[in-house]
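Each residue takes its place number in the sequence, starting with 1. Just so you know, these numbers use all the heavy atoms, side chains as well, and skip hydrogens, waters and symmetry mates. All ligand and atom numbering here is 1-based and tracks the order in the structure.
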Amino acid sequence: MATENKNLSVYDKSKIPNAKHLRFGIVVSEWNGEITEALYDGAEEALVDCGALPENVLRWNVPGSFELTFGCKKIIQTEKVDAVIAIGSVIRGETSHFDFVCSATAQGIKDLNVAYDVPVIFCVLTDDNIEQSKARSGGKHGNKGTEAAIAAIQMAVLGK
Ligand SMILES: Nc1c(NC[C@H](O)[C@H](O)[C@H](O)CO)[nH]c(=O)[nH]c1=O
Ligand SMILES: CC(=O)[C@@H](O)COP(=O)(O)O
């Protein structure tokens, strides 16, 4: 199902485990800050709505989406977290740089999920234009940060 037909912010709280005993890391790319801040707000609000304590939501910033892999690795290595959310916004420019950043970031975050026993949630928008990004960070399609928070809670308790 494409995002076009799904609201990213809709979740059934009764079906989400309570997050009161969980601790989360959120690593936020500073590129396209208007978008990533909105994604962060959606994620943080959903985590707290589902019972997480604000003091158990740890935020680190990195320069761009390419640095998300390293930032997520470091937060896993240095902090006790039950799940990590990687937040970024990549918007296509004139060159093929978009493709390399998106691919490297997706592969890097996938690799972290293999290398460590802490789920890392891919909350990276990869859009052709800013309008698509705005629509997915609190606009007509909801907020991918909200979706990522719910996934983080579900994955944090998986197998426990
Ligand atoms: N163009 C975007 C970037 N580019 C920067 C890279 O992510 C990286 O920080 C740089 O290549 C240095 O290693 N990053 C985004 O997150 N979004 C973009 O649209
Ligand atoms: C995703 C990018 O790196 C991109 O926004 C950079 O723009 P350009 O390809 O025009 O250099």
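- Using a 4.0 Å cut-off between charged side-chain N and carboxylate O, Lys134 and Glu131 make no salt bridge.
- Looking at Thr105 against ligand 1, nothing comes within 4.0 Å, counting heavy atoms.
- Scanning the protein for heavy atoms near atom 3 (C) of ligand 1, the closest one is Trp31 CD2, 3.4 Å.
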Apply side-chain hydrogen bond (donor to acceptor under 3.5 Å, both in side chains) to Asn143 and Ser137, showing your working.
CA-CA 4 Å; Asn143 193 320; Ser137 56; over 6 Å; no

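- For Gln77 and Tyr116, the side-chain atoms include at least one donor-acceptor pair closer than 3.5 Å.
- In summary, the side chains of Tyr40 and Asn61 do not present any donor paired with an acceptor at a separation below 3.5 Å, with no hydrogens or angles considered.
- Here the options are Val84, Thr78, Ile26, the test is side chain to side chain contact (heavy atoms under 4.5 Å, CB included), and the partner is Trp60; only Thr78 passes.
- Nearest-residue assignment for atom 7 (O) of ligand 1 (options Phe98, Phe66, Phe100; heavy-atom criterion): Phe66.
- Counting heavy atoms only, Ser89 comes closest to atom 17 (N) of ligand 1 of the residues Ser65, Ser89, Gly64.
- Proximity of Ser29 to ligand 1, defined as any heavy-atom pair under 4.0 Å, is confined to the side chain (atoms from C-beta onward).
- For the ligand labelled ligand 1, residue Gly88 lies outside the 4.0 Å heavy-atom shell.
- At least one N or O atom of Glu94 sits closer than 3.5 Å to an N or O atom of ligand 2.
- Close N/O approach between His97 and ligand 2 is found [any backbone or side-chain N/O within under 3.5 Å].
- Between Arg92 and Asp128, at least one side-chain N (NZ, or NE/NH1/NH2) sits under 4.0 Å from a carboxylate O, which counts as a salt bridge.
- In terms of polar-atom proximity, Val101 is not counted as a contact of ligand 1, lacking any N or O under 3.5 Å from an N or O of the ligand.
- Residue-to-ligand polar distances keep Pro63 apart from ligand 1: every N/O pair is separated by 3.5 Å or more.
- Heavy-atom minimum distance, Ile75 versus Gly25: CD1-CA, 3.9 Å.
- At a heavy-atom cutoff of 4.0 Å, ligand 2 is contacted by both the backbone and the side chain of Thr95.
- Of the protein's non-hydrogen atoms, the one nearest atom 5 (O) of ligand 2 is Ile91 O, 2.9 Å.
- With respect to the salt-bridge test (charged N to carboxylate O, under 4.0 angstrom), the residues Glu44 and Arg59 do not qualify.
- Applying the 4.0 Å criterion to heavy atoms of Ile91 picks out, from ligand 1, the atoms 19 (O).
- The closest protein non-hydrogen atom to atom 7 (O) of ligand 2 is Gly93 CA, 3.7 Å.
- Near Asn32, meaning under 4.0 Å from any of its heavy atoms, are these atoms of ligand 1: 17 (N), 18 (C), 19 (O).
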